[in-house]
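Heads up, the thing below is written out as structure tokens.
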Amino acid sequence: MLRVFNDLTRRVEPFLPQTPGAVSLYVCGVTVYDLCHLGHARCYITWDVVRRYLEFSGYRVHHVQNFTDVDDKILNRAREQGEDPVHLARRFEAEYFADMDRLGILRAHSYPRATEHIGQMLSLVDCLVQSANAYPTSDGTVYFDVASFPRYGKLSGRDLDDLSQRTRLDEPDPSKHNPADFALWKGAKPGESSWDSPWGAGRPGWHLECSAMALDQLGKTIDIHAGGMDLIFPHHENEIAQSEACTHEPFVRYWVHNGFVNVDAEKMSKSLGNFSTIRQLLDRYDPQAVRYFLLQTHYRQDCDFSSEPLEAAGNALKRLQRSLADRQAALAAPTVAITEQIEQLARAFTEAMDDDFNTPRAVASLWEARARLGDLEGADRAAAGHVVARIREFGAVLGLDLAAKAAAEGDRLAAVLDIADQLREIAARYEDDDLAEARQASASQLIEALLTRRTRAKKARDFATADGIRAMLSELGITLADQPGGVTRWELAGGAAPR
RNA sequence: GGCGGCAUGGCCAAGUGGUAAGGCAGAAGACUGCAAAUCUUCCAUCCCCAGUUCGAAUCUGGGUGCCGCCUCCA
């Protein structure tokens, strides 16, 4: 039985969607005006794992994630760069997908854009004005009247009186009834792109779009609404107010939020100068290592992107993959012991994930299953591959690929590294027929040829040659591993992605 | 000022009453021409103080330290 921490009640609750077997999931998406940063990586990997686990648990998930493509930041950025705002927004949508694809994040079923839901937003504003939960001002702005919504502050634990008294020094609009009122619709300034409305030309406020699109695509009540912790107030608080004031139905059953990303123990932010993009991260670390790193921390905790733990995660993942590869071929008929081990793994994994998506424990269950493999003997040992297969299956539920890198992958990496010329130089030093033939070959073929040459040297007990080849490949970042049976495997060292 | 989070071995990190998961790093052994990899084993009493309890990392009270939200932010 899945249990989920609900920020609305601040408790872990049994997960009961409206319709048994189906889950509507709305994840707050990005404002498309810049490249995605580490916080986005954390957020979308978190909800990707949640979605994968829901599906693994048998739920039919309808996953919707918006793009905010009209907003001050976009307009400002477009002006700075002399680019059309729509063009800029579409460009960064593509960049978003490029990053998320590298991180292995499943595509949502729908990516609604704010600009394509203006009509739904205006209907919502109209509904709120009709019900006296909102009021227009002389400049064409429509504010939500927070005092008209008794439950305002419920999600974030704010007190309306307190919020109201905290009048901000730079509060620009004296026509607000209450300083805590927020804009549903913003009157357009001259020259800005805008849409016509009953209240004059303008554009939507930030909070409005999520309500309008969620209501449009998922109905009045959605099961899970997810996003970063920083969205609790004011964004999600406002979404509740504007949605429920109109529909009179609970907007969301389970509000879930992921913790922050810190860099060197401080919040990552542009002003602190410790802001980094997903791209910069992936220049240094394998996307799978990043995912593994994040899985080791519970999603509601803050996590600190620093090099040591990231490298540790890469090492751990690689060791797990290699360790499994050693047993994968043992596929004799499953024995009682093997069946028990599989059941034990499944139990530990699902218990961990059912407990508010406790991925650190889920990952640990994989390691424990792997360790038990070591105790197997005889017929049990000959069937160990079945356990390996299950460990990989559960890894996939977390979005981890626990199969060792296939030769094709190594080839791709070698090609990206463009080390063929250097390999040919090495080959030239150990001139012989095999290598002469390999002159036109790809990087991985050259490596294989060198390995063949080295194996021959080893058989002849010419260790100087064998170690020389190993040392030179090592300088190119290629690590050799002589395995029992005389087979030599190679891989790129360090877990680093190609630069 | 209001609201909230965190403090567990060298590092990361689970665990919310029953005697400290897991990973990284480190050490020892097996294997190996040597390496690497792999396998096996070892490696903490949980920020401080006072309570509750047969029993607390886990509950209560009091400290100390760190962080976040309250403005755009995933």
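Nothing here was measured: the structure is a model prediction, and the numbers come from that model.
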Tell me which nucleotide among [options] gets nearest to the side chain of [X].
X: A:D162; options: B:rA36, B:rG2, B:rC24; answer: B:rG2
X: A:S323; options: B:rC39, B:rA14, B:rC69; answer: B:rC39
X: A:R361; options: B:rC67, B:rA14, B:rA74; answer: B:rA14

*Side-chain donor-acceptor pair under 3.5 Å between A:H235 and A:H207, yes or no?*
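Indeed, the side chains of A:H235 and A:H207 share at least one donor-acceptor pair under 3.5 Å.
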_If we count only N and O atoms by modelled type, under 3.5 Å, do the side chains of A:Y26 and A:E239 hold a donor and an acceptor together?_
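No pair is found: no donor N or O on one side chain lies under 3.5 Å from an acceptor on the other.
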_Qualifying side-chain hydrogen bond (donor to acceptor under 3.5 Å, both in side chains) pairs with a residue from residues 371-389 of chain A, counting only residues at least two apart or across chains_ =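 Output for this query lists A:T335-A:D380.
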Both distances below 3.5 Å, Watson-Crick or wobble geometry, any strand: find the nucleotide opposite [N].
N: B:rU40; value: B:rA28
N: B:rU52; value: none
N: B:rU64; value: B:rA7

*What does A:L480 touch in the nucleic acid at a heavy-atom separation under 4.0 angstrom: a base, only the sugar-phosphate, or nothing?*
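Base contact.
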*If you look at every strand shown and take non-hydrogen atoms under 4.0 Å, does A:F260 touch a base, only sugar-phosphate, or nothing?*
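Base, at least one base atom sits under 4.0 Å.
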*Would you kindly check whether a donor in the side chain of A:D230 faces an acceptor in the base of B:rC72, or vice versa, at under 3.5 angstrom?*
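Per atom types, no contact qualifies.
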*Any cation-pi pair here, A:R107 with A:F97, using under 6.0 Å and within 45°?*
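Output yes; distance and angle both within limits.
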*asked:* Within the structure provided, determine whether A:E93 and A:R90 are in side-chain contact (heavy-atom separation under 4.5 Å).
replied: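 They are in side-chain contact.
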_Euclidean distance for P, B:rU40 against B:rA57 (whole angstrom)_ =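 Comparing P positions in B:rU40 and B:rA57 gives a spacing of 31 Å.
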*Using the P atom in both, what is the distance from B:rA28 to B:rG68, to the nearest Å?*
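Per the computed distance, 42 Å lies between those P atoms.
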*Please work out whether the ring planes of A:F67 and A:Y96 are parallel, tilted or perpendicular, with thresholds of 30° and 60°.*
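Judged by the thresholds at 30° and 60°, the geometry between A:F67 and A:Y96 is perpendicular.
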*Describe, in one word, how the ring planes of A:F251 and A:W255 are oriented to each other, choosing from parallel (under 30°), tilted (30 to 60°) and perpendicular (over 60°).*
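Aromatic pair A:F251/A:W255 classed tilted.
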On the nucleotide [N], are OP1 or OP2 found under 4.0 Å from the side-chain N or O atoms that [X] carries?
X: A:R322; N: B:rC39; answer: no
X: A:N315; N: B:rA25; answer: yes
X: A:R319; N: B:rC39; answer: yes

*With a 4.0 Å heavy-atom cut-off, tell me which residues in residues 464-472 of chain A come close to RNA chain B, sorted by residue number.*
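Those residues are A:D467, A:R470.
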